[in-house]
Amino acid sequence: MEKTLAIIKPDAVKKKLIGPIIQRIEQEGFEINEMKMIHLSKKEAEGFYAVHKDKPFYSSLTDFMSSGKIVLMVLERENAIEKWRQVMGVTDPALADPGTLRHTYGFSIERNATHGSDALDTAKWEINYFFK
Ligand code: CMP
């Protein structure tokens, strides 16, 4: 069984979308192994997204991610990383397939409702960042 990190971002928490997103996670056959709600500091958001530190959107992204509460989950199932990415849809909600979480609930390429790890090594690193 594989594990991935899922985040319900501040935009989706503010829009009261925790329930529908978790319902979808359970419908898609994931086990929620760990879950917590936190409010990231700017520094914690910068650390989490350090891989993007040279991108033009880094400052805005880390402001946004520290702007309100988020829900962190460790999801487990067969092929969890790829499956969660399929359920979310691509980064930009305008380009995401109908039925995906980002198409349904995302607002912009930054305020895109959810996050998921993109590979096995990053999943391990991201899970460890929040769940020691
Ligand atoms: P996420 O899957 O959390 O990984 C990095 C995040 O950066 C991404 O979702 C978006 O929220 C954000 N992001 C990626 N590309 C852009 C962009 N071009 N402009 C603004 N934000 C972006």
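Note that ligands are numbered from 1 as they come in the structure, with each ligand's atoms numbered from 1 the same way.
In the candidate list K55, R102, M65, M88, R102 is nearest to atom 2 (O) of ligand 1, counting heavy atoms. In this comparison of D118, V90, T91, I7, the heavy atom closest to atom 8 (C) of ligand 1 sits on T91.
With a 4.5 Å cut-off on side-chain heavy atoms, F57 and H52 count as touching. Counting heavy atoms from C-beta outward, L17 and I8 have side chains that stay 4.5 Å or more apart. Here the side chains of K9 and M65 are in contact, with some heavy-atom distance below 4.5 Å.
The atoms of ligand 1 that sit less than 4.0 Å from any heavy atom of Y49 are 1 (P), 3 (O), 4 (O), 5 (C). Near H52, the atoms of ligand 1 lying under 4.0 angstrom from a non-hydrogen atom of the residue are 5 (C).
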Query raised in the report: Between K42 and D63, is a salt bridge (Lys or Arg N to Asp or Glu O under 4.0 Å) present by the stated rule, with each step listed?
Result: CA-CA 6 Å; K42 173 85 170 164; D63 277 347; 2.8 Å; yes
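With I81 as the fixed residue, the side chain to side chain contact (heavy atoms under 4.5 Å, CB included) test singles out one of L75, L5, T4: T4.
Heavy atoms of K9 found under 4.0 angstrom from ligand 1 belong exclusively to the side chain.
The shortest N or O to N or O distance between E110 and ligand 1 is under 3.5 Å. Considering backbone and side-chain atoms together, I109 places an N or O closer than 3.5 Å to an N or O of ligand 1.
No hydrogens or angles considered: a donor-acceptor pair under 3.5 Å links the side chains of E110 and S60.
What sits closest to atom 6 (C) of ligand 1 on the protein, heavy atoms only, is L61 CD2, 3.8 Å. In this structure, atom 14 (C) of ligand 1 lies nearest to the protein heavy atom F57 CZ, 3.6 Å.
Comment: R77 does not engage E31 in a salt bridge, judged by the lack of any side-chain N to carboxylate O separation of less than 4.0 angstrom.
The closest approach between a heavy atom of R85 and any atom of ligand 1 is not below 4.0 Å.
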